[in-house]
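The block underneath contains the structure these notes are about, expressed in C-alpha cells.
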Amino acid sequence: MKRELCLLIAIPLLLFASCKEDRYEIEIPLSGIFLLAPESEADIDLNDPAAETYTFSWQEHPAEGSTLLLSASEFLLAPFAVETAEKTGYTFTVDELDQALAGFGISAGETGTIYWSVKPSDRLHVAASEIRPAIATRIRTRLLLPADQSHIELNGLRPDTEVVFSWDTENTEETRYALCFGLTPDLAANTVTIEAGKENVSNLTHQQLQEVLDQLGVKKFTNTRIYWNVLNTQTNKYHSRASSSLSVQGQMVFTDVRGEESITYPVTRITYSDGTSQVWLAANLRATRYPDGTPIESEYLHFAPASLGEDYVQAYGGYYSEPIKQLIAPEGWRLPTVDEFELLFFEAALVPGRWNVLKDPVYYETFDRESGHINEWGLSLVSAGQWSGGNIVNHKGIYCYMHAAGCDAWTCVLHDNGATLWWPWTDAATARFVYEE
C-alpha cells in the first residue's frame with residue numbers, strides 16, 4: 001500500500017480551473033531510494049532471545065549520504081533520524097532500538113506500529129519513494145510502578161505527596177537496591193541515585209522528585225521526560241534491561257527566601273498564540289524585606305487594613321512605592337514590561353471568556369462571570385485597587401493596578417475589565433513578576 005501510494009503521487013497532477021482551459025502540472029520530487037529489509041509489516045520483537053541486533057537496509061545510497069527515518073506516523077512526522085553516510089544499511093542493537101521506540105510513546109513490553117524510510121541527507125524535504133510499516137514490541141520491563149510513560153504533576157503546595165516506585169524481584173537473590181534517574185534511557189551519564197534498601201518498593205515525595213529534577217539540571221516550571229531504573233548496588237548492574245520513562249511536570253510554586261522571611265507563591269506558565277510561553281508569579285508579592293533580607297522601609301510598603309480579613313490582606317499583598325519597585329523582585333524574577341502586560345491582555349482577549357481566564361474567582365470581585373472560563377490561565381489576578389492618600393482605594397471592584405517596568409515614573413498599569421490598559425498615577429501599587437528563563 002505505501003509503495004503504491006508513493007508512486008501515484010509521482011505522476012504529474014492535472015489541475016483544471018472551472019472556467020479556463022489552462023492546464024498545470026505539479027511534479028513532486030521523490031527520494032529515489034527503495035527499501036530492502038525488514039519487509040513490510042515485519043514483526044520486530046525485542047524480547048526475542050535469538051536476536052541481538054536489527055538491520056535496516058535499502059537498495060542504493062545517494063552521493064551526499066543517507067538518513068534513516070523511524071516514526072510513529074505513516075507520514076514520517078517527528079522522526080527518529082540516523083545519518084548513515086554512504087551506506088545502504090544501519091544496524092541497531094536491541095537496546096538502541098528500544099530507546100528509539102520509547103520516544104514514540106510505546107510503553108515497555110507493549111506493541112505498536114512504526115514506519116521507516118530512507119532519504120538523502122541533504123534533501124530530507126523530498127517525499128519518500130517507499131515507506132514501510134513494522135510491528136514492534138519493546139523490551140519487557142521488570143519495573144512495575146509508576147507504569148512506563150506515566151505522567152506526574154508535582155504538587156508544590158503538598159510536597160509530602162508520595163509516589164510509589166516498585167519492581168519485580170521474582171527469582172532474584174536478596175540484595176540492596178537504589179533508584180537511578182537520568183535524562184536518557186541508557187542512564188549513561190548525569191544520573192541521580194537514591195538508596196532504596198532491600199525491599200522491592202520505595203516511596204519518594206513530590207519534593208524529593210523535584211530535587212531530582214534540580215540535580216539533573218532540568219529547567220524549572222517545565223514538563224520534562226526523565227528515565228528511571230533500579231540499580232543492584234552489590235553487582236552495580238541495572239535490575240531491568242529497559243528503563244521506564246516518566247513525564248514530570250515540575251512544581252509550579254516558588255519559595256521566596258529573604259533572610260528570616262520565607263513565602264511560597266504559586267506560579268503559572270502561560271502559552272501564547274505563537275507558541276511561546278512565559279512563567280508568571282500567580283499571586284501578588286507580599287514580602288516585607290528586600291531580597292538581601294533587610295526590612296523594607298515602612299514609608300515604601302503598605303498592606304490592606306486588617307478589617308478586610310486576613311485572607312484579603314494576603315491576596316492583595318503589599319502595595320510598594322515607586323522608589324523601590326525595581327528593588328523588590330525575587331532572585332531570578334523581574335517586573336513585567338509594558339509590552340509584556342499589553343501582550344498578556346491582548347492574548348487573553350482572543351480566547352473564550354476573554355480576560356476571565358486571568359482572574360481569581362474570589363478576590364477579583366466584579367467582572368462578567370457568566371462568560372465562564374474563570375482563571376483558566378492560573379494567573380489569579382485580584383482587584384486590589386491601589387494605595388493613595390494613606391489608604392487603599394478602588395479595591396473590591398473592577399480595578400487591578402500593578403507595577404510595570406518601563407512606564408513613566410509614579411505610574412502603573414491598570415486593567416478595568418475593558419480592552420484598553422490605562423497608566424494612572426499611583427502612590428503605591430501591587431507587584432507581579434515574570435521568571436527570567
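Values below: every heavy atom of this structure, side chains too, minus hydrogens, waters and symmetry copies.
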Taking the six-membered ring for Trp, are the ring centroids of W228 and F165 within less than 6.0 Å of each other?
->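 Distance test on ring centres: under 6.0 Å, yes.
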So, do W333 and F254 have ring centers that fall under 6.0 Å from each other?
->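 Yes - the distance between ring centres of W333 and F254 falls below the 6.0 Å cut-off.
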Look at [X] together with [Y] and state whether they make a salt bridge at an N to O cut-off of under 4.0 Å.
{"X": "E340", "Y": "R334", "value": "yes"}
{"X": "D256", "Y": "R258", "value": "yes"}
{"X": "R142", "Y": "E170", "value": "no"}
{"X": "R241", "Y": "D98", "value": "no"}

Mind checking whether Y399 and Y401 have parallel, tilted or perpendicular rings, split at 30° and 60°?
-> tilted
How are the rings of F80 and F92 set relative to one another: parallel (under 30°), tilted (30 to 60°) or perpendicular (over 60°)?
-> tilted
Establish, from distance only, whether the side-chain atoms of [X] and [Y] form a donor-acceptor pair under 3.5 Å.
{"X": "D292", "Y": "T294", "answer": "yes"}
{"X": "T91", "Y": "T53", "answer": "no"}
{"X": "S277", "Y": "R269", "answer": "yes"}
{"X": "T141", "Y": "S240", "answer": "yes"}
{"X": "D160", "Y": "T205", "answer": "no"}
{"X": "H373", "Y": "K359", "answer": "no"}
{"X": "D186", "Y": "S243", "answer": "no"}
{"X": "T93", "Y": "E52", "answer": "no"}

Residues in side-chain contact (heavy atoms from CB on, under 4.5 Å) with D311, at least two apart?
-> Y363
Counterpart residues, ring-ring contact (aromatic ring centres under 6.0 Å, His included), relative to W116 (two or more places apart) | F56
Scan residues 205-224 for pairs that pass salt bridge (Lys or Arg N to Asp or Glu O under 4.0 Å), counting only residues two or more places apart or in two chains.
-> D214-K220, K219-E437
Whether E130 side chain and L35 backbone form a donor-acceptor pair below 3.5 Å = yes
Give the C-alpha distance, both sets of side-chain angles, the deciding distance and a yes or no for ring pair (Phe, Tyr, Trp, His ring centres under 6.0 Å) between W280 and Y435.
-> CA-CA 6 Å; W280 288 72; Y435 187 58; over 10 Å; no
Mind checking whether W355 and L381 have side chains closer than 4.5 Å, heavy atoms only?
->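 The answer is no, as the side chains (C-beta and beyond) never meet within the 4.5 Å cut-off.
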